[in-house]
Amino acid sequence: MTPEPLRIVVVDDHRLPREALCHVLDSQPDLEAHGVDAGPSAVRAVAERRPDVVLLDIGTPGRDPTSTVSELLGCGHPVGIVVLHTQSDLSLMQRLLGLGVRAYLHKSVSQSLLLSTVRDIAGSRQQTVTITVPSGAARPAAAVPQPTADPGRDAPSSDVLSTRELAVLTLVAEALTNRQVAARMDITEATVKRHLRNIFTKLGATSRIDAVNKAINALVIQPPAARRGQ
């Protein structure tokens, strides 16, 4: 039996980008998208359609993103909210993450990262957070461990790993197998493989070793020897 597609509600007051985003999502066999304006129609759509994920654009002038997020989270259906933004307001970012937003993505994000974030959030009710901001912008120190700027390193882009992905990659760096990582984190091997696929996409890696090396070079994780010496 074919599983039901993941339900996504796209909230954007601008019709063209809303329809474009729905088209990208609907092109995936495991995703089903529905677009609405912000405000009461968005709350009704979430209450009626009971989506797995809401993609919320916060660039509309005159709307308070914190109020919109609070209304969506209070509609009676647990949902993972992904905020889409164009400006890096760190104070607003912290407030929205504090309310329960699961991801905060800049609109320049790649299609592959957007899709992997949607699937990752839909597949887990745990509080994993993904943040992307424009290259060179300041990042919130208390959110998710970020690559430290170092012009001498070939660091990954602003695409960052969720807390669960960081945990998986840290254990992989210790040369643990997928089965050992699954046992250590109390998750299934299939979930470990899914996290690794997302990690490869975000880091542009082609293998486990390549992903570990890129993450260490970008200071996303510490080398195993350094952790043992702490």
Distance, nearest 0.5 Å, that separates [atom1] of [X] from [atom2] of [Y]:
| X | Y | atom1 | atom2 | value |
| --- | --- | --- | --- | --- |
| Leu176 | Thr170 | CG | OG1 | 11.0 Å |
| Asp52 | Glu4 | CG | CD | 9.5 Å |
| Leu72 | His77 | CG | NE2 | 11.0 Å |
| Leu25 | Leu115 | CG | CG | 6.5 Å |
| Asn213 | Leu203 | CG | CG | 11.0 Å |
| Leu166 | Leu171 | CG | CG | 11.0 Å |

**Report entry** Criterion side chain to side chain contact (heavy atoms under 4.5 Å, CB included) on Tyr104 and Ile58, from CA distance to verdict
**Finding:** CA-CA 10 Å; Tyr104 196 89; Ile58 60 170; 3.9 Å; yes

Does the side chain of [Y] come within less than 4.5 Å of [X]'s, by heavy atoms?
| X | Y | value |
| --- | --- | --- |
| Leu105 | Leu55 | no |
| His195 | Asp120 | yes |
| Arg164 | Met185 | yes |
| Val168 | Val172 | yes |
| Arg7 | Arg50 | yes |
| Leu21 | Leu114 | yes |
| Val54 | Ile8 | no |
| Val101 | Val82 | no |

Requested in this report: Let me see the working for Lys202 and Glu165 under side chain to side chain contact (heavy atoms under 4.5 Å, CB included), right down to the final yes or no.
Outcome: CA-CA 10 Å; Lys202 293 177 182 182; Glu165 290 162 354; 2.7 Å; yes

Using distance only, find each side-chain donor-acceptor pair of residues 34-48 under 3.5 Å and give its atom names and separation, not counting sequence neighbours.
unit_1, atom_1, unit_2, atom_2, d
His34, ND1, Arg49, NH2, 3.3
His34, NE2, Arg49, NE, 3.3
Asp37, OD1, Arg18, NH1, 2.6
Ser41, OG, Asp37, O, 3.0

Report task. Inspect the contact between Arg15 and Glu19 and indicate whether a charged nitrogen and a carboxylate oxygen are less than 4.0 angstrom apart. Result -> yes

Under the side chain to side chain contact (heavy atoms under 4.5 Å, CB included) test, residues paired with [X] that sit two or more places apart:
| X | result |
| --- | --- |
| Ser27 | none |
| Thr206 | Asp210 |
| Pro5 | Glu32 |
| Ser70 | Leu99 |

Closest contact, heavy atoms only, [X] versus [Y]:
| X | Y | result |
| --- | --- | --- |
| Ala211 | Ile199 | CB-CG2, 4.1 Å |
| Arg95 | Thr66 | NE-CG2, 3.9 Å |
| Leu6 | Ala122 | CD1-CB, 3.7 Å |

Requested in this report: Indicate yes or no for a side-chain donor-acceptor contact from Asp26 to the backbone of Ala33 under 3.5 Å, with no hydrogens or angles considered.
Outcome: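 Judged by distance alone, yes, a pair lies under 3.5 Å.
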
Query raised in the report: For the side chain of His14 and the backbone of Leu16, is there at least one donor-acceptor N/O pair under 3.5 Å apart?
Result: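 Not a single qualifying donor-acceptor pair exists.
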
Under the rule for side chain to side chain donor-acceptor pair (under 3.5 Å), what residues qualify as partners of [X], not counting sequence neighbours?
| X | value |
| --- | --- |
| Ser207 | none |
| Gln28 | Arg119 |
| Arg184 | none |

Report task. Sorted by first residue and then second, give each salt bridge (Lys or Arg N to Asp or Glu O under 4.0 Å) pair with at least one member in residues 62-72; sequence neighbours left out. Result -> Asp13-Arg63

Report task. Using the side chain to side chain contact (heavy atoms under 4.5 Å, CB included) rule, take Leu113 and Thr117 through it: C-alpha gap first, then chi angles, then the decisive distance, then the call. Result -> CA-CA 6 Å; Leu113 178 56; Thr117 299; 3.7 Å; yes

Requested in this report: Applying side chain to side chain contact (heavy atoms under 4.5 Å, CB included), run through Val11 and Asp57 and close with a yes or a no.
Outcome: CA-CA 6 Å; Val11 181; Asp57 175 77; over 6 Å; no

Query raised in the report: Among all residues two or more places apart in sequence or in another chain, which pass the salt bridge (charged side-chain N to carboxylate O under 4.0 Å, His left out) test with Arg208?
Result: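 Arg208: no salt bridge (charged side-chain N to carboxylate O under 4.0 Å, His left out) contacts found.
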
